[in-house]
Colleague: 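Take a look at this one; I'll ask things after.
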Amino acid sequence: MNNQLKTGFFYTALGTYSNFVLQLVIQMVLSRLLTPKDYGVVAIMQVFIVFFAMLIEAGMGPAIIQNKTLTDEDNRVLFNFSAVFAIGIAVLFGLFGYLLSWIYGNPIYQTLTWIQAISVLFNGLNIVPTALLNKEKQFKLVNISIVSGNLVAGIVGVTLAFLGAGVYALITSAIISAVVNFSLNRFFTKISFNRSWNTRALKQIWNFSKNQFGFNFINYFSRNSDNILIGKFMGAAPLANYNKAYQLLLLPNSLFLGVVNPVLQPVLSEFQDEPEKIKEVYYKIIHLLALLGMSFSVFLSLMSKQIIFFMFGTQWQMAVFPFAVLALTVWIQLTVSTTGSIFQARNHAKRLLYTGSGGAVLLVSSIIIGIILGSVNRVAISLSIGFLVNFFWSFYQLIVKSLEGKMLGFLKEFIFPLCLAVIMFGALKLVSLLAISNIFLSLVVNGLVFLAVMALFIAVTPERKYIKMIVRKE
C-alpha cells in the first residue's frame with residue numbers, strides 16, 4: 001500500500017505543481033489585463049458551473065472507483081448515461097442564464113451561460129473516463145491530460161485577453177481546458193458508448209452514489225453561499241475582492257491536497273474493512289499536512305499585502321484583509337478536506353453525507369452572520385470561526401465514528417506542528433522590523449526565513465526521524 005501511495009503521490013505531484021506554476025503565471029497576466037468587474041461576473045457564474053457539474057456527476061465518479069465488481073460493459077453503459085446527463089444539464093445551464101440575469105440585473109449572463117454550457121457538457125462526459133483511470137491507479141495519465149488541457153487553455157485565454165476579449169477570455173479558456181482534458185482521457189481509456197441501456201450498472205453504484213451526491217450537493221452550498229450572497233447583496237466588485245482572497249486561500253489546497261486526495265480513495269479502498277491499517281497511514285498524512293499547513297497559515301497571513309500586490313497588482317487592495325484572516329484557516333482546510341476520501345475509502349458514504357450536513361449548517365450560518373454584519377471583512381472573520389468549529393465536528397465523525405479511534409490520540413498529531421507555527425510567527429515578526437519596502441524583496445526574505453525555520457525545526461526535533469520513516473518505510 002505504501003508503494004502505491006508513493007507512486008500516486010509522485011505522479012500527481014508532478015501534474016499538480018506544474019499545473020500550479022502554469023495557472024499562477026496565467027492568473028498574474030490575466031489579473032493585470034482584466035478588471036475586477038470582469039472577474040466578478042465570471043466568479044458569480046463559476047459558482048453555478050460547479051453546481052451543474054455536480055448534478056451531472058451525481059456521485060458517479062467515486063462510486064465507480066469504490067465498486068470493484070463493475071465489468072467493461074457496465075462501464076460503457078455508465079458512459080452512455082453520463083453522456084445523456086451531460087447533454088441535459090448543459091441545456092439547463094444555458095437556460096439558467098435568464099435566471100442569473102434577473103437575479104443579478106445583468107443581461108450578459110444570457111449569452112455567457114450558453115457559451116459556458118460547452119465546458120459543462122465536456123466535464124460531464126469526462127466523469128467516467130477519469131474515474132476509470134483513477135480506479136486503475138493510472139495517476140500519470142490523469143495528470144498528463146490535466147496539465148495539457150490547462151496549458152492549451154492558458155495560451156488561448158491570455159491571447160484573447162491581449163486582444164481585448166475581456167470576460168470572454170476567461171470563458172473560452174475554461175471550455176478549451178474541458179475539451180482537451182476529456183479528449184485525452186477518452187483516448188487513454190479507449191472507452192466507447194454501448195448499445196445496451198441496461199440499468200443494472202446504475203443500480204450497482206446507486207447506494208454509494210446517492211449518498212455521495214447528497215454530500216456534494218450540501219457541500220456545494222456550504223462552500224459557495226459566500227459568493228452567492230456577497231454577489232447578491234454587495235455587488236460584483238466586493239465579490240471580486242473576496243473571491244481573489246478565497247482563491248489564494250485555495251492555492252495551498254491545490255498544492256497539497258491536489259496531490260493527496262486523488263490518490264487516497266483509489267489506494268485505501270482496497271482496505272475498506274481494515275480501519276486500523278487506514279488509520280495508521282492517515283495519521284501520518286495528517287501530521288505532515290498540519291506541519292506544513294500551520295506554519296504556512298502564519299506566513300500567508302503575515303505576508304497578505306505583499307502576496308496580493310505582487311500577484312494581482314495594487315488594484316486589489318480591498319482583498320488584503322479578507323485574505324489575511326482566511327489564511328489563518330489554511331491548515332484547517334488542508335486537514336478537513338481529506339476526510340471525504342477516507343469516508344469513501346471506508347465505504348461510509350452515508351456517514352460522509354451526515355458529516356457534510358452538519359458542516360454545512362455551521363459554515364452557512366457563519367456566512368449569514370458575516371453578511372448581516374455588513375462587510376466582506378466581517379464575512380471573512382465569521383467564516384474563519386466557522387471553519388474552526390467544523391474542524392472538530394468533521395474529525396469527530398471520521399476518527400471516532402468511522403475509523404474507531406480516539407479524538408485525543410488524533411489531536412496529538414498537531415502538537416509539534418503548533419509549536420513550529422508559534423516559532424514561525426516570532427521569526428517572521430522579527431523580520432518585519434526590517435521594514436523592507438520592496439514587495440518582491442520582502443517576499444524573498446520572508447520566504448527564505450520561512451524555509452530556514454522549518455528546516456531547522458525538523459532537524460533538531462523528532463520530526464526528522466518521523467519524516468525519514470515516512471519516506472523510507474515500505
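Note: hydrogens, waters and symmetry copies are ignored here, and every other heavy atom, side chains too, is used. Worth saying up front: this structure is predicted, and the values here are computed from it rather than measured.
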Colleague: Measuring from Thr335:OG1 to Ile285:CD1, what's the distance to the nearest 0.5 Å?
Modeller: 12.5 Å
Colleague: Quick one: side chain to side chain donor-acceptor pair (under 3.5 Å) partners of Ser145, sequence neighbours excluded?
Modeller: Asn181, Asn185
Colleague: Which heavy-atom pair separates Val120 from Ile89 by the least distance, and what is that distance?
Modeller: CG1-CG2, 4.2 Å
Colleague: Minimum heavy-atom separation for Val180 and Gly149, please, with both atom names.
Modeller: CG1-CA, 3.5 Å
Colleague: Mind checking whether Pro129 and Phe79 have side chains closer than 4.5 Å, heavy atoms only?
Modeller: yes
Colleague: Please round to the nearest 0.5 Å and tell me the distance separating atom CD of Glu463 and atom CE of Met454.
Modeller: 10.0 Å
Colleague: One pair to check against side-chain contact (heavy atoms from CB on, under 4.5 Å): Thr339 and Tyr282. What are the steps and the verdict?
Modeller: CA-CA 10 Å; Thr339 58; Tyr282 184 58; 3.9 Å; yes
Colleague: Applying side chain to side chain donor-acceptor pair (under 3.5 Å), run through Thr113 and Gln116 and close with a yes or a no.
Modeller: CA-CA 5 Å; Thr113 52; Gln116 189 71 68; over 6 Å; no
Colleague: Does Lys406 make a cation-pi contact with Phe410, if we ask for NZ or CZ under 6.0 Å from the ring centre and within 45° of the axis?
Modeller: no
Colleague: For residues Gln397 and Ser402, determine if any side-chain heavy atom of one lies less than 4.5 Å from a side-chain heavy atom of the other.
Modeller: no
Colleague: Taking the side chain as everything from C-beta on, heavy atoms only, tell me whether Asn75 gets closer than 4.5 Å to Asp72.
Modeller: yes
Colleague: Let me confirm one number: the CG-CD1 distance from Leu352 to Ile342, rounded to the nearest 0.5 Å.
Modeller: 11.5 Å
Colleague: Please list, chain by chain and in numerical order, all residues satisfying ring pair (Phe, Tyr, Trp, His ring centres under 6.0 Å) with Phe299, sequence neighbours excluded.
Modeller: Phe450
Colleague: When rounded to the nearest 0.5 angstrom, what is the spacing between NZ in Lys135 and OG1 in Thr189?
Modeller: 13.0 Å
Colleague: Evaluate side-chain contact (heavy atoms from CB on, under 4.5 Å) for Ile399 paired with Tyr283, printing each intermediate quantity in order.
Modeller: CA-CA 10 Å; Ile399 301 303; Tyr283 278 23; 3.3 Å; yes
Colleague: Which heavy-atom pair separates Ala178 from Asn123 by the least distance, and what is that distance?
Modeller: CB-OD1, 3.5 Å
Colleague: Between Leu300 and Ala327, what is the shortest heavy-atom contact and its length?
Modeller: CB-CB, 3.7 Å
Colleague: With a 4.5 Å cut-off on side-chain heavy atoms, are Arg76 and Val128 touching?
Modeller: no
Colleague: Using side-chain heavy atoms (C-beta onward) and a distance below 4.5 Å, is Leu132 in contact with Glu136?
Modeller: no
Colleague: Show every donor-acceptor pair shorter than 3.5 Å between a side-chain atom in residues 382-392 and any protein atom, with sequence neighbours excluded, or say none if there are none.
Modeller:
{"unit_1": "Ser382", "atom_1": "OG", "unit_2": "Ser366", "atom_2": "O", "d": "2.5"}
{"unit_1": "Ser384", "atom_1": "OG", "unit_2": "Ala380", "atom_2": "O", "d": "2.8"}
{"unit_1": "Asn390", "atom_1": "OD1", "unit_2": "Ser394", "atom_2": "OG", "d": "3.3"}

Colleague: If we ignore hydrogens and angles and just use 3.5 Å, is the side chain of Asp74 paired with the main-chain N or O of Thr71 as donor and acceptor?
Modeller: yes
Colleague: Work out which heavy atom in Ala90 is nearest to a heavy atom in Ala117; give both atom names and the distance.
Modeller: O-CB, 3.4 Å
Colleague: Got a sec, which residues hit side chain to side chain donor-acceptor pair (under 3.5 Å) with Lys279, two or more places apart in sequence or on another chain?
Modeller: Glu276
Colleague: Taking Ser301 for its side chain and Leu328 for its backbone only, find out whether a donor-acceptor pair lies under 3.5 Å.
Modeller: no
Colleague: Ignoring hydrogens and geometry, is there a side-chain-to-backbone donor-acceptor pair from Ser173 to Ala153 under 3.5 Å?
Modeller: yes
Colleague: Passes side-chain contact (heavy atoms from CB on, under 4.5 Å), Leu112 versus Leu100? Steps please.
Modeller: CA-CA 10 Å; Leu112 294 183; Leu100 280 181; over 6 Å; no
Colleague: In Å and rounded to the nearest 0.5 Å, what is the CD1 to OG1 distance from Ile146 to Thr130?
Modeller: 7.5 Å
Colleague: Can you confirm whether Ile286 sits close enough to Phe414 that some side-chain heavy atom of one is under 4.5 Å from a side-chain heavy atom of the other?
Modeller: yes
Colleague: Applying ring pair (Phe, Tyr, Trp, His ring centres under 6.0 Å), name anything that partners Phe321, two or more places apart in sequence or on another chain.
Modeller: none
Colleague: Taking all non-hydrogen atoms of both residues into account, name the closest pair between Ala421 and Val298 and its distance.
Modeller: O-CG2, 3.9 Å
Colleague: Stepwise, does the side-chain contact (heavy atoms from CB on, under 4.5 Å) test hold for Leu302 with Phe425?
Modeller: CA-CA 8 Å; Leu302 293 179; Phe425 177 82; 4.0 Å; yes
Colleague: Using modelled atom types and a 3.5 Å cut-off, is there a donor and acceptor pairing between side-chain atoms of Ser337 and backbone atoms of Leu334?
Modeller: no
Colleague: Report yes if the side chains of Phe296 and Trp331 come closer than 4.5 Å at any heavy-atom pair, otherwise no.
Modeller: no
Colleague: Can you tell me how far the OG atom of Ser304 sits from the CZ atom of Phe323, to the nearest 0.5 Å?
Modeller: 7.0 Å
Colleague: Could you pull out all donor-acceptor pairs under 3.5 Å where a side-chain atom in residues 354-364 meets a protein atom, sequence neighbours excluded?
Modeller:
{"unit_1": "Thr355", "atom_1": "OG1", "unit_2": "Arg351", "atom_2": "O", "d": "2.9"}
{"unit_1": "Ser357", "atom_1": "OG", "unit_2": "Leu353", "atom_2": "O", "d": "2.8"}

Colleague: Check whether any side-chain heavy atom of Val453 sits under 4.5 Å from a side-chain heavy atom of Leu420, and report yes or no.
Modeller: yes
